Amino acid sequence: MTTALTYPPRKLGPEQEALRAEVRDFLEKDYAAGGFQRGQEAMARYDIEFSKRLGAAGYLGVTWPKKYGGRELTFLDRFVIVEEVLAAGAPVGAHWVADRQSGPLLLKYGTEEQRERFLPPIVRGESYFCIGMSEPDSGSDLASARCSATRVDGGWRLNGTKLWTSLAHICHYMIALVRTSPVNPENRHEGFSQMIVDLHAPGVEVRPVYNLAGEHHFNQEVFTDYFVPDENVVGEIGQGWAQVMSELAYERSGPERILSTFQTLVELVRAVGDNPSEVEARAIGRLTAHLTTLRGMSVSVAGMLADGKMPVTEAALVKDLGTNYCKDVPETARLIRPPETGAGGNSGYEAMLAKATLLAPSLTIQGGTREILRGMIARGLGLR
Ligand SMILES: Cc1cc2nc3c(=O)[nH]c(=O)nc-3n(C[C@H](O)[C@H](O)[C@H](O)COP(=O)(O)OP(=O)(O)OC[C@H]3O[C@@H](n4cnc5c(N)ncnc54)[C@H](O)[C@@H]3O)c2cc1C
């Protein structure tokens, strides 16, 4: 039997629009004062001082309880803040994972001691986390992960390797998915646990991996008898798989999945000017219409999260459509307005287009590949 996916329309209210005006004002002033550089794929770019200013302004951990420094705002409020920060092309990589998913994970599964220790510095924009899921031979098939921890007095000894870890070299902690009991061939999802790894402690080596653009974004981490104290185990031993799956719902649903190449669209509109040709007007109209629809779906997912739901399939569909859209932006731009030979620099249309073209292949890989997401969506629809 097939199941329909629905995206109930959500309207952002006057409180959210007031918040939007406030955030936009903060960003405009910060930019005007030379506070940050505009760019694309904001999650991959970082500026630690900017993250601290964002924290000081009260824009991180906003949905979290006040006792941990949060503001107890809704997911719709968070949506507006994130949307404005991304649309401004601000560098959010340092605090991104901590704010989006490590904090919510600790709120859901962490101990009170962990929340008190880890959440306030995240809210201040001073503490950064990365995601330790993928390994050299485990990406889509995450259940084949081999990084393992064995029980010792007072904690766990961790050995193995994680790979493709975004910005681990500037993070303080990783939340790693590790095997804490041998593989059960009947159920490979059993026997995983999540642990907080201090990336600066002995027994962990963070090695750079350079991407297609020649940038140091990824890392490989090698754990050699690294000691994880019991107080750094997140949730229950053996429940890591279910915990990771709930984390992915936060990872896949946000406006970042539709805005990764937004600055290219902005610069395309500027480059075309007030008198576009028919082809240009049609292409820009189509890109804008798609963005508007995707944004409606993304707001709807934020609304479902605000209602306490776990819209895993709905979020997967937004990620699949959104990241394909983000790839479509530079492709369309290149066709209707080819870059001039030799044009470069750090700003303007040519620079944004060049950057977007280089980053585009990664968009449909990170956070779950296109094929994996489509498999999940098909399952969610009852088609497989
Ligand atoms: C920019 C970027 C940032 C990343 N950051 C992180 C991070 O911070 N932390 C982290 O843990 N990981 C991170 N990753 C890793 C990412 O999660 C993996 O690359 C992704 O899950 C795919 O795994 P893989 O690279 O091993 O490819 P594979 O799993 O080997 O897949 C290769 C190809 O085979 C296809 N395929 C695989 N299995 C199936 C199947 N069952 N059915 C159909 N097709 C299939 C895939 O869709 C893909 O096209 C990042 C990746 C990128 C690109």
Side-chain angles (χ1 to χ4, degrees), residues 39-46 92-102 105 128-147 158 160-179 188-189 192 194-197 199 204 206-223 234 240-241 243-245 247-252 254 256-257 260-261 316 319-320 322-324 326-327 355-379 383-384:
Q40 287 174 114
E41 184 53 340
M43 297 181 289
R45 294 168 42 249
Y46 66 90
V92 296
H95 64 263
W96 188 255
V97 166
D99 175 59
R100 180 184 66 186
Q101 67 194 79
S102 314
L105 185 82
Y128 315 131
F129 280 63
C130 58
I131 305 166
M133 296 189 197
S134 308
E135 297 185 8
D137 297 312
S138 302
S140 305
D141 183 18
L142 192 56
S144 66
R146 285 177 302 186
C147 226
L158 182 55
T161 304
K162 291 287 174 188
L163 186 60
W164 311 125
T165 323
S166 299
L167 301 181
H169 55 298
I170 60 145
C171 287
H172 303 93
Y173 301 103
M174 164 192 281
I175 298 191
L177 180 73
V178 301
R179 278 220 155 267
R188 296 189 314 137
H189 298 157
F192 281 107
Q194 284 188 297
M195 297 182 181
I196 300 171
V197 171
L199 292 166
V204 49
V206 180
R207 299 175 181 164
V209 177
Y210 291 90
N211 67 12
L212 185 66
E215 292 162 348
H216 178 192
H217 168 74
F218 302 120
N219 297 273
Q220 180 181 41
E221 300 78 28
V222 180
F223 305 109
V234 181
W241 189 262
Q243 294 176 197
V244 156
M245 290 302 122
E247 202 181 319
L248 287 172
Y250 295 109
E251 182 172 347
R252 289 177 177 150
E256 65 271 25
R257 301 302 180 189
S260 294
T261 54
K319 197 220 165 220
D320 184 43
T323 50
N324 279 296
C326 291
K327 283 173 119 167
K355 195 81 188 159
T357 305
L358 282 176
L359 75 86
S362 71
L363 299 175
T364 46
I365 301 174
Q366 60 187 335
T369 66
R370 193 156 41 190
E371 290 72 22
I372 295 302
L373 289 172
R374 289 180 183 179
M376 280 179 59
I377 295 160
R379 208 173 305 115
L383 297 171
R384 67 187 279 241

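Every number for a ligand or one of its atoms is a count from 1 in the order of the listing. Everything numeric in this text was worked out from a predicted model, so none of it was measured.
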Atom 17 (O) of ligand 1: nearest protein contact (heavy atom, Å): Ser134 OG, 3.4 Å
Which of the ligand 1 atoms, numbered from 1, are nearer than 4.0 Å to a heavy atom of Ser362: 1 (C), 53 (C)
Any donor-acceptor N or O pair under 3.5 Å, side chains Thr364, Thr323: no
Taking atom 41 (N) of ligand 1 as the reference point, the nearest protein heavy atom with its distance: Ile372 CD1, 4.0 Å
Polar proximity ligand 1 side, Ser166 side, N/O cut 3.5 Å exclusive: yes
Phe218 and Trp164 aromatic ring geometry - parallel, tilted or perpendicular at 30°/60° bounds: perpendicular
Any non-hydrogen protein atom less than 4.0 Å away from atom 33 (C) of ligand 1: no
Shortest protein contact, atom 31 (O) of ligand 1 (heavy atom only): Ser140 OG, 3.7 Å
Shortest protein contact, atom 9 (N) of ligand 1 (heavy atom only): Ile131 O, 2.8 Å
Value rounded to 0.5 Å, distance of SG in Cys147 from CZ in Arg179: 11.5 Å
Any N/O pair Trp164/ligand 1 closer than 3.5 Å: yes
Sole candidate of His217, His216, Glu221 that passes side-chain hydrogen bond (donor to acceptor under 3.5 Å, both in side chains) when paired with Asn219: His216
Residues Glu215 and Lys355 bridged, charged N to O under 4.0 Å: yes
Check: His217 N/O within less than 3.5 Å of ligand 1 N/O: no
Note, Arg146 side chain near Ser138 side chain (heavy atom, < 4.5 Å): no
Check: Gln366 N/O within less than 3.5 Å of ligand 1 N/O: no
Nearest-0.5 Å distance, CZ of residue Phe129 to CE of residue Met174: 12.0 Å
Per-atom contacts of ligand 1 with Met133, taking only distances under 4.0 Å to non-hydrogen atoms: 11 (O)
Top protein contact for atom 2 (C) of ligand 1, by heavy-atom distance: Phe218 CE2, 3.2 Å
NZ on Lys319 to CD on Gln366, rounded to 0.5 Å: 6.5 Å
Partner set under salt bridge (charged side-chain N to carboxylate O under 4.0 Å, His left out) for Glu371, not counting sequence neighbours: none
Any protein heavy atom < 4.0 Å from atom 49 (O) of ligand 1: yes
Taking atom 24 (P) of ligand 1 as the reference point, the nearest protein heavy atom with its distance: Gly139 CA, 3.9 Å
Salt bridge (charged side-chain N to carboxylate O under 4.0 Å, His left out) partners of Arg379, counting only residues at least two apart: none
Contact partition for Thr369 relative to ligand 1, non-hydrogen atoms under 4.0 Å: side chain
Atom 35 (C) of ligand 1: the protein heavy-atom neighbour that sits closest, reported with distance to 0.1 Å: Glu371 OE1, 4.4 Å
Residue among Gln220, Arg207, Met133 satisfying side-chain contact (heavy atoms from CB on, under 4.5 Å) with Leu163: Gln220
N or O pair under 3.5 Å between Ile365 and ligand 1: no
